[in-house]
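A quick write-up on the structure given underneath.
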Amino acid sequence: MPTSDRPTVDVAYSGYRHTVGIAEAVVRGAADVGADVVSVPVDTVTEEQWAQPDAAGACIGTARNLGARAQKGHNAMSTTPEPHRAPTGPADTLPLRDAVRIPVLGLGVFRSPAGRATQQAVTAALDAGYRHIDTAAVYGNEVDVGQGLRDSGLDRDQVFVTTKLWNADHGYQSALDAFERSRRLLGVDHIDLYLVHWPVPGIRQETWRAMEHLLETGKARAIGVSNYMTHHLEELLGHAQHLPSVNQFELSPYNYRSRADVIDLSRKNGIQVEAYSPLTKGRKLDDPPLVRIADAHRRSTAQVLIRWALQHELVVLPKSTHADRIAGNADVFDFTLTDDEMETPDALDENLVTAWDPTTTP
Ligand SMILES: NC(=O)c1ccc[n+]([C@@H]2O[C@H](COP(=O)([O-])OP(=O)(O)OC[C@H]3O[C@@H](n4cnc5c(N)ncnc54)[C@H](OP(=O)(O)O)[C@@H]3O)[C@@H](O)[C@H]2O)c1
C-alpha cells in the first residue's frame, strides 16, 4: 500500500510472461521521480535477468516514463495483464494500454486497389468476422476502407481501424495535419490505432510528440510505431511520455528468429507486436515444410502461417482482395499447431525481407 499521498505506480503484471524486468525497473523509475509503488510482482524478475544489458536497456526509459506518468496522475500500467489463452475467433482481442483492446486478426489492404476492390475486400472481411482493418495514408485507399465500413452496417465501435502516418508527413504540425486528412478520408470521428509508418531519422522524435497529443486528446485511441527495430525503439523509450501500444513489422517464420531482439524488447515494454506480410506476400506458400504441416491439418499453407502467428501471440495482418481467401484466412481458430509444428517453421529463418528493411535505417 502507498505510504504517503505521493503518486502511485500500480504494477499488475504478475504472470504476464513478456514483461520480465519491467517490475524491477518500475521500482527504480518510480523512486527516481518520487512516486510510490503499490504492488510489484518481484517474483517475475531475478537479479540475473536484471543484470542483462538488454533488460536494463529495455526498462530504464520505460521506468522513468511510467514514474513520470504516475506523477501526473495516470495509471502507469493500464493494460490488463492476462495469461495467454488461444484466441477463439477473428474478433477475439488482446489488451493494449489504456484499456484499449485490439482484435487478433486484421485485414491488410496494402496494394489493395482504390475503389470497389478495397470496399469489397473490407465488407468481405467484416462479413467473415474480421473486426480490424489495417490501412495507411500511403496505400491511397483510406476513403474506400471508410466506405467498406459504412457498407457493412456495423457500428463504428465494432471495428478497429488502424492507419499510418506517411514519411513525408513527419514533424509536429505536419503529423497533426496528416492525421486529420486520414481521419476525414476514412470518415470516422476517431482512429483506433495511429502508427508512425517508418522511423524517419532526425525528425521522428518531434513526430512522436504529435502522436502523444493525438492520444491525449482522444483523437487516436492508441498510438504506435511500425518498422521500429531495437535501436529505434530504445531511442523512443528514452524520450516518450506515452509509450507505443504497438510495434508493427514484417514477421513470418522466415525472419522470426532474426527479429527476436525487437520482439523481446517490445514485449518487455508492454508493446504488442503486429506481424505484417505474414504470408510472405505469397512467396513461401509452396515451401515443402509448410506444405507438410498444412496437409497434416487439411489446411492451406496460408492458414498455417496465420495460425503460427496467433500461437506466437502476434496480431496478424494478412492481405487479400479475394473474398474466398479472406474468409479462409480467418478460418484458423479450430485447429492447433503442435509444439513440433511450431518449431519447424521457427527453424526456417533466413532473415527474409519481402517489404522494406528498416534494420539499416539510423
Ligand atoms: N507497416 C508496414 O510498413 C507494412 C508493410 C507491408 C505490409 N503491411 C501491412 O500488412 C498487410 C499484409 O502484408 P502484405 O500485403 O505485404 O502481404 P501478405 O499478407 O503476406 O501477402 C499478401 C499476398 O498473398 C496473397 N494471398 C492472401 N491470402 C492468400 C491465400 N489464402 N492463398 C494464397 N495467396 C493468398 C494475396 O493475394 P490476393 O490479394 O490476390 O488474394 C497477396 O498477393 C498489408 O496489406 C498491410 O496492411 C504493413
Side-chain angles (χ1 to χ4, degrees), residues 90 102-114 116-118 120-122 124-125 128 130 132-142 144-145 148 160-167 182 186 192-200 223-229 232 244 246-256 259 262 266 272-287 290-291 294 299-310 314-332 345 352-359 361:
I102 186 166
V104 291
L105 182 71
L107 176 75
V109 295
F110 175 47
R111 294 206 174 131
S112 187
R116 286 184 63 75
T118 295
Q120 287 172 348
V122 169
Y130 292 62
H132 174 180
I133 311 292
D134 182 86
T135 184
V138 75
Y139 300 170
N141 55 20
E142 288 169 309
D144 304 303
V145 168
F160 190 98
V161 180
T162 300
T163 192
K164 312 183 192 89
L165 174 90
W166 183 234
N167 299 355
S182 286
L186 284 158
D192 295 286
L193 175 62
Y194 197 47
L195 298 178
V196 177
H197 206 143
W198 184 263
V200 174
I223 54 174
V225 293
S226 177
N227 297 299
Y228 272 50
M229 299 290 102
H232 307 121
V246 161
N247 190 8
Q248 179 186 119
F249 48 92
E250 178 166 357
L251 270 183
S252 72
Y254 300 89
N255 57 21
Y256 185 74
R259 298 195 162 181
V262 64
S266 299
Q272 175 63 47
V273 177
E274 293 189 342
Y276 78 60
S277 305
L279 306 180
T280 67
K281 289 192 167 56
R283 289 189 203 172
K284 297 287 187 181
L285 294 181
D286 295 327
D287 198 16
L290 277 189
V291 173
R299 299 288 170 148
S300 69
T301 48
Q303 288 171 317
V304 168
L305 287 171
I306 293 165
R307 183 72 206 180
W308 170 90
L310 293 172
L314 304 168
V315 169
V316 58
L317 306 168
K319 173 264 176 183
S320 179
T321 46
H322 294 95
D324 56 340
R325 288 179 174 175
I326 290 170
N329 292 346
D331 186 16
V332 293
L352 180 71
V353 176
T354 68
W356 42 355
D357 186 359
T359 52
T361 294

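In each ligand, atom 1 is the first atom listed, and ligand 1 is the first ligand listed.
Without hydrogens or angle criteria, Thr118 side chain to Pro113 main chain gives a donor-acceptor distance under 3.5 Å. Without hydrogens or angle criteria, Thr354 side chain to Thr280 main chain gives no donor-acceptor distance under 3.5 Å. Side chain of Arg299 to backbone of Asp331: a donor-acceptor contact under 3.5 angstrom is found. Proximity of a side-chain donor or acceptor of His197 to a complementary backbone N or O of Ala137 within less than 3.5 Å is not detected. With Glu250 contributing its side chain and Ala355 its backbone, the two residues share a donor-acceptor pair below 3.5 Å. Formation of a donor-acceptor pair under 3.5 Å by the His132 side chain with backbone atoms of Pro103 is found in this model.
Protein heavy atom closest to atom 21 (O) of ligand 1, with residue, atom name and distance, is Lys281 CA, 3.3 Å. Atom 6 (C) of ligand 1 has as its closest protein heavy atom Tyr276 CD1, 3.3 Å. Atom 41 (O) of ligand 1 has as its closest protein heavy atom Ser320 OG, 2.5 Å. Atom 14 (P) of ligand 1 has Ser277 OG, 3.7 Å as its closest protein atom, hydrogens excluded (heavy atom only). Phe110 N, 2.8 Å is the protein heavy atom nearest to atom 45 (O) of ligand 1. Scanning all protein heavy atoms for the shortest distance to atom 20 (O) of ligand 1 gives Leu279 N, 2.8 Å. The protein atom (non-hydrogen) at minimum distance from atom 22 (C) of ligand 1 is Lys319 O, 3.4 Å. Atom 35 (C) of ligand 1 has its closest protein heavy atom at Arg325 NH1, 3.6 Å.
Residue-to-ligand polar distances keep Lys164 apart from ligand 1: every N/O pair is separated by 3.5 Å or more.
For ligand 1, the atoms sitting less than 4.0 Å from at least one non-hydrogen atom of Asp134 are 9 (C), 46 (C), 47 (O), numbered in the order shown with element in parentheses. Close contacts between ligand 1 and Ser226 involve ligand atoms 1 (N), 2 (C), 3 (O) [criterion: under 4.0 Å to a heavy atom]. Against a heavy-atom cut-off of under 4.0 Å, His197 is close to the following atoms of ligand 1: 1 (N), 2 (C), 3 (O). If you number the atoms of ligand 1 from 1 as listed, the ones under 4.0 Å from a heavy atom of Leu285 come out as 33 (C), 34 (N). For ligand 1 and Val109, the ligand atoms under 4.0 Å from any heavy atom of the residue are 45 (O), 47 (O). Less than 4.0 angstrom separates some heavy atom of Gly108 from each of these atoms of ligand 1: 11 (C), 44 (C), 45 (O), 47 (O). Near Ala302, with a cut-off below 4.0 Å to any heavy atom, the atoms of ligand 1 are 30 (C), 31 (N). For ligand 1, the atoms closer than 4.0 angstrom to any heavy atom of Leu317 are 10 (O), 11 (C), 12 (C).
Note: Tyr139 and Phe110 have tilted aromatic rings, judged against thresholds of 30 and 60 degrees for the angle between ring planes.
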TODO: With side-chain contact (heavy atoms from CB on, under 4.5 Å) as the test, would you mind laying out the steps for Leu279 and Asn329 before giving the verdict?
DONE: CA-CA 10 Å; Leu279 306 180; Asn329 292 346; 4.0 Å; yes
Open item on the list: Working note: Leu310 + Val316, criterion side-chain contact (heavy atoms from CB on, under 4.5 Å); need CA distance, chi angles, decisive distance, verdict.
Closed with: CA-CA 7 Å; Leu310 293 172; Val316 58; 3.7 Å; yes
Open item on the list: Between Asp134 and Lys164, does the side-chain contact (heavy atoms from CB on, under 4.5 Å) criterion hold? Intermediate values first, please.
Closed with: CA-CA 9 Å; Asp134 182 86; Lys164 312 183 192 89; 2.7 Å; yes
- [ ] List the steps, then state whether side-chain hydrogen bond (donor to acceptor under 3.5 Å, both in side chains) holds for Asn141 with Thr135.
- [x] CA-CA 7 Å; Asn141 55 20; Thr135 184; 2.8 Å; yes
- [ ] Applying side-chain contact (heavy atoms from CB on, under 4.5 Å), run through Tyr228 and Val262 and close with a yes or a no.
- [x] CA-CA 8 Å; Tyr228 272 50; Val262 64; 5.9 Å; no
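Not a single ring pair (Phe, Tyr, Trp, His ring centres under 6.0 Å) links Tyr276 to another residue, sequence neighbours left out.
Contacts of Asn329 with ligand 1, taken as heavy-atom pairs under 4.0 Å, involve the side chain alone. Of the heavy atoms in Asn227, only side-chain atoms (C-beta onward) come closer than 4.0 Å to ligand 1. Of the heavy atoms in Gln248, only side-chain atoms (C-beta onward) come closer than 4.0 Å to ligand 1.
Within the structure, the closest approach of Glu250 to ligand 1 does not fall below 4.0 Å when heavy atoms are considered. Close to ligand 1: Trp356, with a non-hydrogen atom less than 4.0 angstrom away. Using a non-hydrogen distance threshold of 4.0 Å, Tyr139 registers as a contact of ligand 1. Ligand 1 is approached by Pro278 to a heavy-atom distance shorter than 4.0 Å. Put simply, part of Pro318 is less than 4.0 Å from ligand 1, judged by heavy atoms.
Closest heavy-atom contact between Pro358 and Arg259: CD-NH2, 3.9 Å.
For the side chain to side chain contact (heavy atoms under 4.5 Å, CB included) criterion with Val225, the lone passing option out of Leu195, Asn247, Val246 is Asn247.
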